[in-house]
Amino acid sequence: MDELQDALKQAVKDLFNEDVEPKLTRSEEQFGDYTTNLAMQLGAKLGKQPREIAEAIAGKIRASEILAKTEVAGPGFINVFLSDKSLLDAMGKKPRQSNSGKSVVVEYSDPNPFKVLHVGHLYTSVVGDAIASLYEATGAEVARVNFGGDVGLHVAKTMWAIIQKLGGEAPSGLQSIDPGERAGWLAERYVEGNSAYEAEGSKAAIHELNKRIYQIVEQNDRESGLAQIYWATRQWSYDYFDAFYDRIGSRFDRYYPESETAEPGLKIVRQNIGKVFEESQGAVVFKGEVHNMHTRVFINSEGLPTYETKDVGLIFKKWQDYRFNRSVVITGNDIYEYMQVVLKAVEQIQPELAQKTVHITHGMVKAGGGLKMSSRLGNIIRAEDVLDAASQANKKANQQDNPQVALGAVKYAFLKNRLGSDMVFNPAESVSLQGNSGPYLQYALVRAGSILQKASNKQAVLDGKLEADERSLARKIGEFSEVVEVAAQEHLPSHICTYLYELAQNFNRFYEKNRIIGDAREPLRLGLANAYSEVLREGLRQLGIPAPEKM
RNA sequence: GCGCCCGUAGCUCAGCGGAUUAGAGCGCCUGUCUUCGGAACAGGAGGUCGUAGGUUCGAAUCCUUCCGGGCGUACCA
């Protein structure tokens with residue numbers, strides 16, 4: 001609340017000739033709308049009793065017309081109550097555009113072609129979408145990008161198994177695979193290739209294949225049998241990804257396949273051998289120990305780039321393409337230490353790129369009731385299985401088949417937890433229509449829409465004196481813009497979830513006790529219902545949760 | 001071993017330096033209701049915030065110890 005902060009700042013200047021940046025916090029409703037601990041902070045500095053200081057400041061700002069009441073409480077808190085008018089005005093406020101004019105690249109999801117999409121990808125995708133939206137809500141120009149390994153050892157493993165399966169490097173055999181089965185078929189080949197690799201016997205052959213695949217990409221070979229198999233099945237993967245993203249409502253501005261970042265990465269790493277990297281045991285490594293990190297291999301002893309080098313290439317490519325003010329990378333926390341090393345290496349080469357990059361990590365998803373791992377695909381939970389499980393739970397529990405509800409349930413279940421720790425996902429719980437769930441919010445919006453629809457020809461105003469319940473609702477609605485600012489700044493979509501749930505509860509409480517249509521206070525209450533509905537809709541949109549017309 | 005992350009009600013989680021009773025959902029118990037869509041609302045039982053110290057006017061929140069769990073630790077991604 002800028003006006004209040006300014007008033008406090010001025011008061012402190014006038015009274016004590018000190019320059020401060022007053023911090024406001026939302027207080028419990030009974031204590032007011034905002035609280036500041038300014039006086040306690042000044043107490044030590046000025047050598048005065050905090051309560052005395054608080055009284056003086058409170059006296060000074062009391063005259064402000066945005067405030068209805070100012071109190072000093074406890075050890076020296078200044079509690080302020082907004083006037084009805086400023087409370088109503090705050091409802092329509094947009095979040096502060098702290099990222100206005102900034103170019104932000106958000107990278108997330110990052111599935112590997114030739115492999116299956118699992119719960120982790122779903123989780124990262126949902127989180128990434130939300131974080132990208134939060135940047136946009138605070139004014140940024142956002143590019144959503146997706147990085148994936150279309151070259152590398154896992155590809156070689158898959159290709160090896162494909163060749164076994166087809167009985168040679170014969171692309172014609174691919175035609176017998178049903179288009180609907182392609183992704184699953186590839187995923188099974190990966191698992192086979194991986195076991196073969198671990199069984200040692202085929203290791204050399206797979207390494208050899210790995211080199212050939214790099215060559216195919218480098219020379220843009222479209223002719224050889226292996227190349228034809230590679231390009232065709234690679235496309236299968238991207239088709240599969242696109243279909244999946246379509247299903248969950250994600251869209252990316254750009255895919256960065258590793259095949260495009262390998263060469264630039266290699267070039268940069270090689271240029272910096274002796275400066276940033278060093279040769280060791282036939283490989284090119286970055287010595288992490290001096291920075292309290294792990295040493296990692298960037299170019300292996302066969303001269304091939306590892307993931308590290310491709311990631312270096314990626315960072316420079318992104319820079320070339322977007323000249324970003326900030327680059328956000330969202331992944332699971334299993335690669336936290338890895339990313340630290342890559343960023344440290346980049347920092348030695350071009351410091352600003354590392355400084356502008358933030359790596360956000362989330363925990364792992366564990367399966368709650370009703371979710372089974374696929375042993376056939378290597379003991380993972382497929383992303384589609386999660387959505388299907390939610391759909392089925394929805395059918396069973398609520399006798400309805402609404403993909404929007406199932407998707408909303410899954411997304412909300414993932415987003416409502418603070419990023420960082422592992423989480424348990426339980427499909428049945430997620431589609432529960434009671435309590436803190438996506439469908440509860442979707443339903444709340446449908447319900448509000450129904451009221452507004454019914455009163456569409458009536459007048460709505462945002463003016464007048466508020467009753468207690470109305471005030472409480474208005475206060476909550478007005479918090480939205482601040483919640484968005486905090487969520488964006490902290491990269492925590494969960495704040496939006498918590499807020500929206502509290503908001504919907506607040507409205508339901510109001511609605512339970514008070515009539516809207518037909519009441520003497522109808523215009524104001526319609527105004528409130530309108531503002532509520534808009535905030536709820538916008539919040540769900542930021543989270544990527546669909547808003548059904550009917551439920 | 002070392003490094004990073006995480007331990008809050010039976011379960012799943014908010015709260016992440018601020019106040020008297022540490023919150024919510026699920027589950028359990030009790031109510032409201034011929035509803036502007038009840039997929040709702042009101043209430044109850046249930047927690048010495050893993051442990052032991054420390055910093056602070058004030059600690060679930062910051063620092064340290066220990067315990068427990070997850071992840072990472074040179075040619076995978």
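What you are looking at is a predicted structure, and each value in this text was computed from that prediction instead of being measured. Here is the naming used below: chain letters follow the sequence lines, and residue numbers restart at 1 for every chain.
- A salt bridge links A:E467 with A:R525: at least one charged nitrogen is closer than 4.0 Å to a carboxylate oxygen.
- For the C1' atoms, the distance from B:A45 to B:C6 is 30 Å, rounded to whole Å.
- Proximity of the aromatic rings of A:Y440 and A:Y412 is defined here by a centroid distance below 6.0 angstrom, and this criterion is not met.
- Look at A:S421 and you won't find any side-chain N or O under 4.0 angstrom from OP1 or OP2 of B:C6.
- With P as the reference atom, B:A40 and B:U21 are 32 Å apart, rounded to whole Å.
- Here A:K344 pairs with A:E347 in a salt bridge; the nearest charged N to carboxylate O distance falls below 4.0 Å.
- Residue A:A455 is out of contact with every strand shown, counting any heavy-atom pair closer than 4.0 Å.
- Put simply, A:F77 does not rest on the base of B:G18: the two rings are not both less than 5.5 Å apart at their centres and under 30° in tilt.
- Listed pair A:N37 / B:G18 fails the phosphate criterion, with no side-chain N or O lying under 4.0 Å from OP1 or OP2.
- A salt bridge links A:E192 and A:R189; the closest N-O separation between the charged side-chain nitrogens and carboxylate oxygens is under 4.0 Å.
- Pairing for B:C41 goes to B:G31, judged as Watson-Crick or G-U wobble with the two contacts each under 3.5 Å.
- Between A:H495 and the options A:V483, A:L500, A:L415, A:V484, a side chain to side chain contact (heavy atoms under 4.5 Å, CB included) holds for only A:V483.
- Below the 3.5 angstrom threshold, one finds a donor paired with an acceptor across the side chain of A:N79 and the base of B:A19.
- Remark: the separation of the P atoms in B:C41 and B:U65 is 46 Å, to the nearest Å.
- At a threshold of 4.0 angstrom between heavy atoms, the contacts of A:H291 with the nucleic acid are absent.
- Rounded to a whole angstrom, the distance from the C1' atom of B:A60 to that of B:U51 is 14 Å.
- The existence of a salt bridge linking A:D33 and A:R471 is confirmed by a sub-4.0 Å separation between a basic side-chain nitrogen and an acidic carboxylate oxygen.
- In this structure, B:G23 and B:C13 make a Watson-Crick or G-U wobble pair, each of the two defining distances being under 3.5 angstrom.
- Base pairing analysis places B:C4 opposite B:G70; the two distances defining the Watson-Crick or G-U wobble pair are each below 3.5 Å.
- Taking the centre of each ring, A:H291 and A:F286 come in below the 6.0 Å mark.
- Taking the centre of each ring, A:H154 and A:Y197 stay at or above the 6.0 Å mark.
- In the set B:A19, B:A40, B:A14, the nucleotide with an atom closest to the side chain of A:A73 is B:A19.
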* To do: List the protein contact pattern of nucleotides 21-32 of chain B with one symbol per nucleotide (5' to 3'): B for base contact, S for sugar-phosphate-only contact, - for none; contact means a heavy-atom distance under 4.0 Å.
  => ---SSS------
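- One finds a side-chain N or O of A:R509 lying less than 4.0 angstrom from the OP1 or OP2 phosphate oxygen of B:A42.
- Backbone-only engagement by A:M423 is indicated by non-hydrogen atom pairs under 4.0 Å involving sugar-phosphate atoms exclusively.
- Defined by atom type and a distance below 3.5 Å, a donor-acceptor pair is missing between the side-chain atoms of A:N506 and A:R475.
- Counting non-hydrogen atoms under 4.0 angstrom, A:V284 reaches nothing in the nucleic acid.
- Between B:C5 and A:H362, no contact under 4.0 Å exists linking OP1 or OP2 to a side-chain N or O.
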* Asked: Going 5' to 3' along nucleotides 71-77 of chain B, which nucleotides have protein heavy atoms under 4.0 Å from the base (write B), which only from the sugar-phosphate (write S), and which from neither (write -)?
  -> SBSBBSB
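- Proximity of A:K454 to the phosphate of B:G37: a side-chain N or O atom is located under 4.0 Å from OP1 or OP2.
- The CZ atom of A:F77 sits 3.5 Å away from atom CE of A:M40, with the distance rounded to the nearest 0.5 Å.
- Pairing of B:U48, defined by two Watson-Crick or G-U wobble distances under 3.5 Å, is not identified with any nucleotide.
- In this structure, A:T35 reaches the bases: a heavy-atom distance under 4.0 Å links it to at least one base atom across the strands shown.
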